[in-house]
Amino acid sequence: MSIEETEDKVILTHPREPTTKVSILKYGATVISWENKGKEQLWLSEAAKLDGSKPVRGGIPLVFPIFGKQKNEEHPTYKLPQHGFARNSTWEFLGQTSENPLTVQFGLGPENANKEIYNLWNEGKNNFTLILSIELGDDHLKTNIEVENNGDEAFDFNWLFHTYLKVPDVTDCLVTNLIDQKCYDQLLATEYIEKSPMVCFNEEFDRIYKKIDTDKIFQVVELGKVLINVQRENLPDSVVWNPWIEKSNGMADFEPKNGYLNMLCIEPGHVSDFVTLKNGEKWSGSQTISLGGCKTNNTS
Ligand code: BG6
């Protein structure tokens with residue numbers, strides 16, 4: 001069976017490569033594992049809660065309709081907690097949409113969203129449908145999100161794939177293609193132009209890179225080898241995050257405590273400004289993570 005559904009999870013197994021698999025928790029439609037030919041590619045905390053009591057620490061949590069915490073009291077997202085409600089809601093499994101590459105979909109709307117949190121968004125007046133497609137290829141994992149406004153009025157939203165990549169040692173890793181991009185450094189609370197040809201990691205890192213041409217592929221290079229490529233469609237921004245020592249220590253669900261050395265979040269999204277979606281309109285965006293040397297297409 002290529003697709004196995006349990007009460008809380010859906011597991012896809014590549015039809016020709018049984019050690020290539022992806023596991024998705026229905027809570028948050030969170031991808032919690034992507035194994036390629038037996039090798040895990042995503043970092044998941046050993047203390048991550050997988051029982052729906054809080055968003056998953058690791059894998060690919062989904063951020064909607066606000067990234068971070070809104071500071072403007074007038075904005076309809078102001079009352080929402082950090083990163084919104086998509087990652088705290090149990091999504092509906094909609095089934096398989098393609099055999100090759102193997103693709104499934106999950107859906108979320110006001111009817112199955114976490115009520116308590118959803119009601120904090122414009123007093124529960126926004127009507128929407130989210131469709132998440134997850135595609136498992138030979139050497140890639142693609143996640144695509146479609147947002148539809150089914151209400152009577154326009155709404156604003158952010159979207160972000162909060163991807164925790166697993167790396168052998170983050171201090172040996174560099175990330176390409178961020179040079180000359182505008183970035184907001186969340187730790188310094190300052191905006192500047194990134195001048196490093198490759199960014200490296202030896203302390204806490206939390207930057208929002210803005211409006212990057214989607215033709216640019218981010219590559220994680222480890223000791224001269226390309227480990228991972230991150231491609232984007234319609235997602236102009238990307239957060240790059242590593243909590244390092246102190247911040248990891250402060251997160252109860254972050255284990256082992258030195259796990260920050262084995263993870264790197266590259267988070268494609270639309271977060272430097274809002275997408276405004278009029279009633280009846282749809283918007284979509286995707287990320288594709290693929291392994292090894294530079295890839296230019298998304299098919300398996
Ligand atoms: C990142 C933010 O996207 O998510 C960080 O840039 C934040 O500032 C991190 O700390 C984790 O957020 P959370 O809500 O999952 O702890």
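The chain is numbered in sequence order, starting from 1. Note that ligands are numbered from 1 as they come in the structure, with each ligand's atoms numbered from 1 the same way.
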Which atom pairs, one a donor and one an acceptor, fall under 3.5 Å between side chains of residues 123-134 and the rest of the protein, sequence neighbours left out?
from : atom 1 : to   : atom 2 : distance (Å)
N126 : OD1    : N122 : ND2    : 3.0
T129 : OG1    : N150 : ND2    : 2.6
S133 : OG     : Q105 : NE2    : 3.0

Problem set entry | Closest approach of any protein heavy atom to atom 11 (C) of ligand 1, naming residue and atom | W241 CH2, 3.6 Å
Exercise. Taking 4.0 angstrom as the limit, do K142 and E233 come out as a salt bridge?
Worked result: yes
Seminar exercise, completed: Counting from 1 in the order shown, the ligand 1 atoms closer than 4.0 Å to a non-hydrogen atom of F67 are 3 (O), 6 (O)
Exercise. Considering distance alone, does some N or O of R87 sit under 3.5 Å from an N or O of ligand 1?
Worked result: yes
Problem set entry | ligand 1 atoms in contact with V239 (distance to a heavy atom under 4.0 Å) | 3 (O), 6 (O)
Exercise. Out of M251, H162, E204, who gets a non-hydrogen atom closest to atom 4 (O) of ligand 1?
Worked result: H162
Problem set entry | Distance filter under 4.0 Å to H83 heavy atoms, resulting ligand 1 atoms | 3 (O), 4 (O), 12 (O), 14 (O)
For this session: Write out the residue and atom name of the closest protein heavy atom to atom 10 (O) of ligand 1, then the distance separating them to 0.1 Å.
Result: K247 NZ, 3.0 Å
Problem set entry | Proximity of F157 and W121 rings by center, below 6.0 Å | no
Exercise. Does a salt bridge link D273 with K210, judged by any charged N lying under 4.0 Å from a carboxylate O?
Worked result: no
Exercise. Quick one: which ligand 1 atoms are inside 4.0 Å of a heavy atom on E267?
Worked result: 1 (C), 3 (O)
Seminar exercise, completed: Closest non-hydrogen atoms of V167 and M263, given as atom of the first, atom of the second and distance, are CG2-N, 3.9 Å
For this session: Quick one: look up the protein heavy atom nearest atom 8 (O) of ligand 1 and list residue, atom name and how far away it is.
Result: D206 OD2, 2.6 Å
Exercise. Thinking salt bridges, do D8 and K26 make one under a 4.0 Å N-O criterion?
Worked result: no
Seminar exercise, completed: Heavy-atom proximity to atom 16 (O) of ligand 1 ranks first, among R57, Q186, R207, for R57
For this session: Anything under 30° is parallel, anything over 60° is perpendicular, the rest tilted; go ahead and classify W241 against Y164.
Result: perpendicular
